[in-house]
Number of protein chains: 2
Amino acid sequence: MNQPTPFPGDVTTGRRGSRAALSGAAAKRVERPAPLRQAVYEALIDLIVNRTLQPGQHLVEVELAEYLGVSRQPVREALQRLQTEGWVDLRPAQGAFVHMPTEEEADQLLSVRAVLETHSARLAAERAEEADVDHLWELQARGQAAVEVNDIDGVVAANAALHAFVTKLSGNTVLAEMIGMVDRRVRWYYTPIAGRRGADSWIEHADLIRAISAKDVELAGTIMTQHTDRTRQAYHDRPRGDRA
Amino acid sequence: MNQPTPFPGDVTTGRRGSRAALSGAAAKRVERPAPLRQAVYEALIDLIVNRTLQPGQHLVEVELAEYLGVSRQPVREALQRLQTEGWVDLRPAQGAFVHMPTEEEADQLLSVRAVLETHSARLAAERAEEADVDHLWELQARGQAAVEVNDIDGVVAANAALHAFVTKLSGNTVLAEMIGMVDRRVRWYYTPIAGRRGADSWIEHADLIRAISAKDVELAGTIMTQHTDRTRQAYHDRPRGDRA
DNA sequence: CACCTGAACTTTGCATACAACAACCTGTAT
DNA sequence: ATACAGGTTGTTGTATGCAAAGTTCAGGTG
C-alpha cells in the first residue's frame with residue numbers, strides 16, 4: 001500500500017465531488033431506499049438484543065447470510081459497524097463473536113451514561129420552551145399510567161421516550177447520538193431488570209421536569225445524576241439470577 | 001429477509017462457536033496479522049486528517065482502491081467503520097463523502113469532550129498512585145520543554161500523551177475509548193490552532209496534576225472543566241482564517 | 001432562453017469465486 | 001495412553017463480475 005502520491009482525485013474529483021462539496025448540507029435530501037446492509041445491521045442488533053444470538057457466540061457469515069436471505073457481503077459490512085458500536089468483536093481471521101459484556105464493562109457504561117445524561121439534562125434545562133415542558137409532562141403521565149396497570153413494556157417505552165426527548169431538548173446532536181448508542185447497549189446488558197424500579201423512577205422524572213421547567217440547570221443536572229446513579233445501584237443490587 | 005425462524009446455529013454453532021464461547025476472554029490472544037481493511041482504515045483516516053481528502057469530497061471506491069493498491073472490498077468495509085466514527089457520510093447509492101464539520105458540530109463535540117474529560121479527571125484523582133503522579137509530572141515537563149523551544153509538534157504530542165494518560169488512569173476503558181474517538185475528531189476539526197495556546201495550557205496541566213496527586217476529586221474535575229472550556233473558547237476566538 | 005427528456009456513462013450495491021488461514025481430526029510413534 | 005504430525009474441513013479475507021441506481025449532457029420543446 002503506497003502512500004506518498006498526492007491522491008489523484010484531489011480537490012475536484014470527478015463531477016460529483018466538486019458539486020456535492022460545494023452544495024454541502026444544502027444538497028437535496030431525497031429519501032433513498034435504504035441499502036440491504038442497513039436492514040441486516042438492524043436485524044442483527046435485534047437478534048443480539050433478544051438473545052437469539054448469545055454473548056460469545058461465533059457468528060458465521062454464511063449462516064447469517066442464509067438466515068437473512070442475503071449474501072455475505074452486506075453481512076460483513078453490517079458486522080463492521082456492529083463492531084465499532086460494541087455489539088460484536090471481530091477477531092482477525094476468526095470472524096465475529098457476539099460481544100461478551102462483563103460486570104465491569106456494564107458498570108463503566110452506566111457510569112458514562114450517567115455523565116452524558118446529566119449533561120443533557122443541564123442543557124435541556126437551559127433551552128426548554130413551554131411547549132417542550134408540556135410534552136415532557138405528557139410523557140410522564142403516560143409512564144405513570146403504565147406503571148399503575150403494571151404494563152412493563154409500556155413503562156420501558158415511556159422511559160425511553162422521556163429520556164430521548166430530554167436528550168433532544170439538549171440540542172446537542174453529537175451528545176444525543178452518543179447517549180443513544182450507550183443506552184441501547186446498557187439496556188441490552190441488563191434487560192432483565194428493566195422496569196423493575198418502576199414507581200420511584202417516575203417520581204424522580206417528575207422532579208426532573210420541574211427543574212427543567214424552572215430552568216434550574218444545576219438542579220436538573222443533580223437530579224439526573226441521582227436518577228442514573230440509582231439505576232446503577234439497582235443493577236448492582238439485583239438478584240444473582242438476573243445477572244448477565 | 002425473513003425473521004421468525006429460530007436462528008439455526010443457536011447456542012453451539014459449529015465447533016469454533018462452542019469452544020470460543022465457553023473459553024471467553026480467557027482465549028489465547030495470539031497476535032494475528034491485521035487484515036487489509038485495517039490498514040485501509042488507518043490510511044484513510046490519515047488522508048482525511050492531513051487534508052489530502054478534503055471535507056465534502058466524494059470518495060470513489062475504485063479510486064481509493066487503486067490508490068491504496070487493494071480491491072474495493074476492503075475499502076468498502078473500512079468506509080463502514082469510518083462512517084460510524086463520523087469521518088465520512090455514506091449516502092445510499094451515492095457513496096462516501098468526507099464529513100463536513102460545521103461550526104455547530106465542532107462546538108458540540110468540544111462540549112461533549114469537556115464532560116467526558118472532566119469525568120475522567122475525577123476518576124483519575126480517585127485512583128492515581130504515586131508512580132502515576134510521577135509519570136504525569138514527567139509528561140508535564142516534556143510538554144513544558146517543548147513549549148520553551150517552540151516545538152509545536154512536540155507540544156501537541158505531549159498534550160495528547162498527558163490527556164491520554166489521565167484517561168487511562170480513570171480505569172474506565174469505555175470512557176477512554178469514547179474520549180479517544182472524540183479527541184481525534186476534535187483535533188481534526190481545528191488542527192490549525194492546535195498548540196496555539198501553549199504556555200497557559202501547561203500551567204493548567206500542573207494544577208491538574210497537583211489536584212490528582214492530592215486525590216482532590218472535585219478540584220480535579222473543576223480544573224479539567226475550566227481547561228477544556230478554555231480550549232473551546234480558543235476555538236471560538238480564533239482568527240477567521242483558521243476556521244474550517 | 002429556460003426547461004424538460006432521455007440516452008450514455010459512472011458508481012454503487014450485491015452476489016459469486018477463489019485463495020489463505022485456522023481449527024479439527026486422524027493416525028502414528030513413543 | 002499421550003504427544004505430535006499431517007491431512008481435511010470449514011471459515012474468513014480479498015478479488016472480480018454484474019445489475020440497479022445516479023449523474024451528466026445533448027438535444028428538443030415551450
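Lettering follows sequence order; numbering is per chain, from 1.
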Whole-Å distance between [N] [atom2] and [X] [atom1]?
X       : N      : atom1 : atom2 : value
B/Leu64 : C/dT11 : CG    : C1'   : 12 Å
B/Arg91 : C/dT11 : CZ    : P     : 15 Å
A/Leu36 : D/dA21 : CG    : P     : 12 Å
A/Leu90 : D/dT14 : CG    : P     : 11 Å
B/Leu79 : C/dT12 : CG    : P     : 9 Å
A/Tyr41 : C/dG13 : OH    : C1'   : 19 Å
B/Leu59 : C/dG13 : CG    : P     : 12 Å
B/Glu61 : C/dC14 : CD    : P     : 11 Å

Strictly under 3.5 Å: I want the nitrogen or oxygen pairs between protein and nucleotides 17-19 of chain D, one per line.
none

Practice task
Just grab all the salt bridge (Lys or Arg N to Asp or Glu O under 4.0 Å) pairs involving residues 168-177 of chain A, residues at least two apart or on different chains.
Solution key: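 Counting only pairs at least two positions apart or across chains, no salt bridge (Lys or Arg N to Asp or Glu O under 4.0 Å) contact touches residues 168-177 of chain A.
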Practice task
Answer yes or no: does a side-chain N or O of A/Gln94 lie under 4.0 Å from OP1 or OP2 of C/dA23?
Solution key: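 Yes, because at least one side-chain N or O of A/Gln94 sits under 4.0 Å from OP1 or OP2 of C/dA23.
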Practice task
Look at B/His58 and C/dT10 and indicate whether a side-chain polar atom (N or O) is within less than 4.0 Å of OP1 or OP2.
Solution key: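 It does not, given that no N or O in the side chain of B/His58 lies less than 4.0 Å from OP1 or OP2 of C/dT10.
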Exercise for the section: Look at atom CD of B/Glu42 and say whether more than 12 heavy atoms of other residues, nucleotides or ligands are closer to it than 6.0 Å. Expected result: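 Atom CD in B/Glu42 is packed in, count exceeds 12.
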Output a table of nitrogen or oxygen pairs between the protein and nucleotides 5-7 of chain C separated by less than 3.5 Å.
none

Exercise for the section: Using modelled atom types only, decide if a donor and an acceptor are shared between the side chain of A/Asn50 and the backbone of A/Asp46 within a distance under 3.5 Å. Expected result: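 Between the backbone of A/Asp46 and the side chain of A/Asn50 there is a qualifying donor-acceptor contact (under 3.5 Å).
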Exercise for the section: Please check if the side chain of B/Thr102 supplies one atom and the backbone of B/Glu105 the other of a donor-acceptor pair under 3.5 Å. Expected result: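 Indeed, once roles are kept as given, a pair shorter than 3.5 Å links the two residues.
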Practice task
Name all pairs fulfilling the ring pair (Phe, Tyr, Trp, His ring centres under 6.0 Å) condition that reach into residues 156-175 of chain B, sequence neighbours left out, sorted by first residue then second.
Solution key: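 The answer is B/His135-B/Phe165, B/His163-B/His205, B/His163-B/His227.
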Handout entry: Gap separating the CG atom of B/Leu110 from the CD atom of B/Gln233, nearest 0.5 angstrom
Key =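 With rounding to 0.5 Å, CG (B/Leu110) is 10.5 Å from CD (B/Gln233).
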Handout entry: Results of side chain to side chain contact (heavy atoms under 4.5 Å, CB included) for B/Glu61 - residues two or more places apart only
Key =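 If we apply the side chain to side chain contact (heavy atoms under 4.5 Å, CB included) test to B/Glu61, skipping adjacent residues, the hits are B/Arg72, B/Arg76, B/Leu79.
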Problem - Pairs meeting criterion side-chain hydrogen bond (donor to acceptor under 3.5 Å, both in side chains) with involvement of residues 78-87 of chain B, two or more places apart - result: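 Checked against side-chain hydrogen bond (donor to acceptor under 3.5 Å, both in side chains) - neighbours excluded - the pairs reaching residues 78-87 of chain B are A/Thr84-B/Thr84, B/Gln38-B/Arg81, B/Tyr41-B/Glu85.
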Problem - A/Pro55 side chain reached by A/Pro101 side chain, heavy atoms, under 4.5 Å - result: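 The answer is yes; the side chains approach within 4.5 Å.
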Counting side-chain heavy atoms from C-beta on, which of [options] comes nearest to [X]?
X       : options                : answer
B/Val60 : D/dA15, C/dT12, C/dT16 : C/dT12
B/Ala93 : C/dC14, D/dA21, D/dT14 : D/dA21
A/Arg76 : D/dT14, C/dC21, C/dT12 : D/dT14

